[in-house]
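Numbering starts at 1 and runs along the sequence shown. Small disclaimer: the values here were computed from a predicted structure and weren't measured.
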Amino acid sequence: MRPVILKCPSCQGNLTVSQLRCPNCEINIDGEFTLPALLRLSPAQMDFVEVFIKNRGIIREVERELGVSYPTVRARLDEVVGALGFQVRGDVRGDVRNDAEAESAAAAGAANRRAVLADLKAGRLTPEQALNALGEGRKK
């Protein structure tokens, strides 16, 4: 059996289901039927949902299987939640950033840490200066 086509190949408009057929008794039912919300997801969103369910919603496992970061998993999950018609809640920390911004900030932080550690190794910084630069200096 072929997969359901949801977009018109000519104009990319949404297709509707107008006939249902039972292969056992060969009855046909004509009308206009709505598709379940899950069938209205894009192929990429459906793939994500399958991986998410297979991993029982354990984000760490989803990250590992897809080879993406935590912010990417959260962004894809939020995208699916929105596509299903539910309200997407903001980040629990109140720091709502899009996926690209979050990954960029993480990369910049990692680059800064590497630079500080390289300076420490080269003797350009003392251990105390390195700790302060990394924001891990002792609080007095």
Side chains of Arg21 and Ile27: closer than 4.5 Å at any heavy-atom pair? no
Minimum heavy-atom distance between Ala133 and Val116, given as atom pair plus value: CB-CG2, 3.9 Å
Please find the pair of heavy atoms, one from Val88 and one from Gly82, that lie closest to each other, and give the distance. CG2-N, 3.7 Å
Using a 4.5 Å cut-off on heavy atoms from C-beta on, say whether the side chain of Gln129 contacts that of Asp119. no
Note, Asn14 side chain near Lys7 side chain (heavy atom, < 4.5 Å): yes
Flag the pair Ser18 / Asp30 as yes when at least one side-chain heavy-atom distance between them is below 4.5 Å, and no otherwise. no
Passing candidate, side-chain contact (heavy atoms from CB on, under 4.5 Å) with Glu63, options Val73, Thr72, Asn55: Val73
Distance from Ile59 atom CD1 to Leu66 atom CG, nearest 0.5 Å? 11.5 Å
Side-chain contact test, heavy atoms from C-beta onward, threshold under 4.5 Å: evaluate it for Phe48 versus Leu41 and give yes or no. no
How far apart are the closest heavy atoms of Cys22 and Cys25, and which atoms are they? SG-N, 3.6 Å
Please examine the side chains of Val80 and Met46, heavy atoms only from C-beta on, and report whether any two atoms are closer than 4.5 Å. no
Measure the shortest side-chain to side-chain distance between Glu32 and Val17 over non-hydrogen atoms and say whether it is less than 4.5 angstrom. no
Contact check, side chains of Arg76 and Val62, non-hydrogen atoms, under 4.5 Å: no
Would you give the length of the straight line joining atom OG1 of Thr16 to atom CZ of Phe33, rounded to the nearest 0.5 angstrom? 10.0 Å
Are Glu61 and Arg64 close enough for a salt bridge, meaning some N to O gap below 4.0 Å? yes
Once rounded to the nearest 0.5 Å, what's the spacing between atom CD of Gln45 and atom CG of Leu84? 8.0 Å
If every non-hydrogen atom of Gln87 is compared with every non-hydrogen atom of Val81, which pair is closest and at what distance? O-CG1, 3.9 Å
